[in-house]
Amino acid sequence: MGNTEFTLREWAYEDAPSIANYANNKAIADNLRNGFPYPYTEEDARQYIRSCLSGNPHKQLLRAICVDSRAVGSIGAFFQDDVYEKSVEIGYWLGEPFWGRGIMSAAIQKVCQMVFHSSDAVRIFAEPFTGNIGSRRVLEKAGFALEGTLKKSVWKNGVFSDSCIYALVR
């Protein structure tokens, strides 16, 4: 499928119904950390948006991924501290109807450009679960390199899984 037009913008409370609709998907929740609930309710969406809007902008960059002015996913860059202060973790999800359209790879590239342009970070990394082939592909398409596999690093839904470390280095 071809690329779909999308925008990245700051969150708004009006995004809650749309986000709850797209985020309420076990296929998404199963590939994210436990802080992403399933089922995903409008109240979960409101709490998430509140945390995005109240967070320290020097420690995180959070954007709604929008198609036709509707929020259909989320992407965030989280600045690390201590000896990792030049590293930034990126996390994201996208509503299933929009998978395979090139949106996420392009959104990752845009956020990485924003991070490198506005900070002294030298490394952006992501930690997809090994079995999340779609996420691994979008990272590779966005220019990230696989650095390694962490054995049994994830305990999700009562099962151990491996995770991968991908990074983009300036």
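The analysis underlying the following values was restricted to heavy atoms, covering all of them including side chains, and did not include hydrogens, waters or symmetry mates.
- Clustering ILVMFWY residues whenever any of their side-chain heavy atoms sit less than 4.5 angstrom apart, transitively, puts Phe125 in a cluster other than the one holding Val154.
- The aromatic rings of Tyr40 and Trp93 are tilted relative to each other, their planes meeting at an angle between 30° and 60°.
- In terms of hydrophobic clustering, with Ile, Leu, Val, Met, Phe, Trp and Tyr side chains grouped at heavy-atom distances under 4.5 Å, Val115 and Ile165 are assigned to different clusters.
- In this structure, Asn56 contributes its side chain and His58 its backbone to a donor-acceptor pair below 3.5 Å.
- Using a 4.5 Å heavy-atom cutoff, the side chains of Thr149 and Ser163 are not in contact.
- Both Met114 and Trp11 are assigned to one and the same hydrophobic cluster, defined by single-linkage of ILVMFWY side chains at heavy-atom distances under 4.5 Å.
- For the pair Glu5 and Ile103, the minimum side-chain heavy-atom distance is 4.5 Å or more.
- Hydrophobic clustering (ILVMFWY, side-chain heavy atoms < 4.5 Å, transitive): Leu53 and Phe78 are in one cluster.
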Legend entry - salt bridge (charged side-chain N to carboxylate O under 4.0 Å, His left out) between Arg46 and Glu42, worked out: CA-CA 6 Å; Arg46 282 191 293 275; Glu42 248 186 79; 3.4 Å; yes
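- Between the side chain of Arg136 and the backbone N or O of Thr130 there is at least one donor-acceptor pair closer than 3.5 Å.
- Closest approach of Asp44 and Pro39 over heavy atoms only: OD2-O, 3.6 Å.
- You'll find the side chain of Glu14 stays beyond 4.5 Å of the side chain of Ile49, heavy atoms only.
- The minimum heavy-atom distance between Ile19 and Ala45, with the atom names listed, is CG2-CB, 3.9 Å.
- For the pair Ser161 and Lys152, the minimum side-chain heavy-atom distance is 4.5 Å or more.
- Around atom NZ of Lys151, no more than 12 heavy atoms belonging to other residues, nucleotides or ligands sit under 6.0 Å away.
- Here the closest non-hydrogen pair linking Arg170 and Ala121 is NH2-O, 2.6 Å.
- Using a 4.5 Å heavy-atom cutoff, the side chains of Arg123 and Val88 are not in contact.
- Side-chain contact between Ile28 and Tyr22 is absent, with no heavy-atom pair separated by less than 4.5 Å.
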Inset, instruction - Evaluate side chain to side chain contact (heavy atoms under 4.5 Å, CB included) for Asp162 paired with Leu150, printing each intermediate quantity in order. - result: CA-CA 6 Å; Asp162 299 345; Leu150 303 174; over 6 Å; no
Inset, instruction - For side chain to side chain contact (heavy atoms under 4.5 Å, CB included), just list the numbers for Val67 and Arg101, CA-CA rounded to whole Å, side-chain angles, deciding distance to a tenth of an Å, and then say yes or no. - result: CA-CA 11 Å; Val67 173; Arg101 298 186 187 187; 5.6 Å; no
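- Between Ala77 and Val111, the closest heavy-atom pair is CB-CG1, 4.1 Å.
- Once rounded to the nearest 0.5 Å, the distance linking CD1 of Ile108 with CD of Gln113 reads 12.5 Å.
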Inset, instruction - Evaluate the side chain to side chain contact (heavy atoms under 4.5 Å, CB included) criterion for residues Arg33 and Glu127: first the C-alpha distance (whole Å), next the side-chain angles of each, then the deciding distance (0.1 Å), finally the verdict. - result: CA-CA 10 Å; Arg33 293 178 183 165; Glu127 295 184 22; 3.9 Å; yes
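- Residues Ser74 and Tyr48 form a side-chain contact, since some pair of their non-hydrogen atoms from C-beta on lies under 4.5 Å apart.
- Here the side chain of Lys156 pairs a donor or acceptor atom with the backbone of Leu32 at under 3.5 angstrom.
- Taking each heavy atom of Arg9 and Cys66 in turn, the nearest pair found is NE-SG, 3.4 Å.
- Taking 4.5 Å as the limit, some side-chain heavy atom of Ile124 sits within range of a side-chain heavy atom of Phe116.
- No donor-acceptor pair closer than 3.5 Å links the side chain of Ser105 to the backbone N or O of Gly102.
- Outside the 6.0 Å centre-distance limit, the rings of Phe98 and Phe6 are not counted as a close aromatic pair.
- Heavy-atom contacts from other residues, nucleotides or ligands closer than 6.0 Å to CD of Glu10 number 12 or fewer.
- By the rule that hydrophobic residues join a cluster once side-chain heavy atoms approach within less than 4.5 Å of another member, Leu146 and Phe144 end up as members of one cluster.
- Geometrically, Lys86 does not engage Phe79 in a cation-pi contact defined by less than 6.0 Å to the ring centre and at most 45° from the axis.
- Nearest heavy atoms, Glu96 versus Ala27: OE1-CB, 4.4 Å.
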Legend entry - Residues Ser135, Tyr92; criterion side chain to side chain contact (heavy atoms under 4.5 Å, CB included); working and verdict: CA-CA 9 Å; Ser135 184; Tyr92 47 84; 2.6 Å; yes
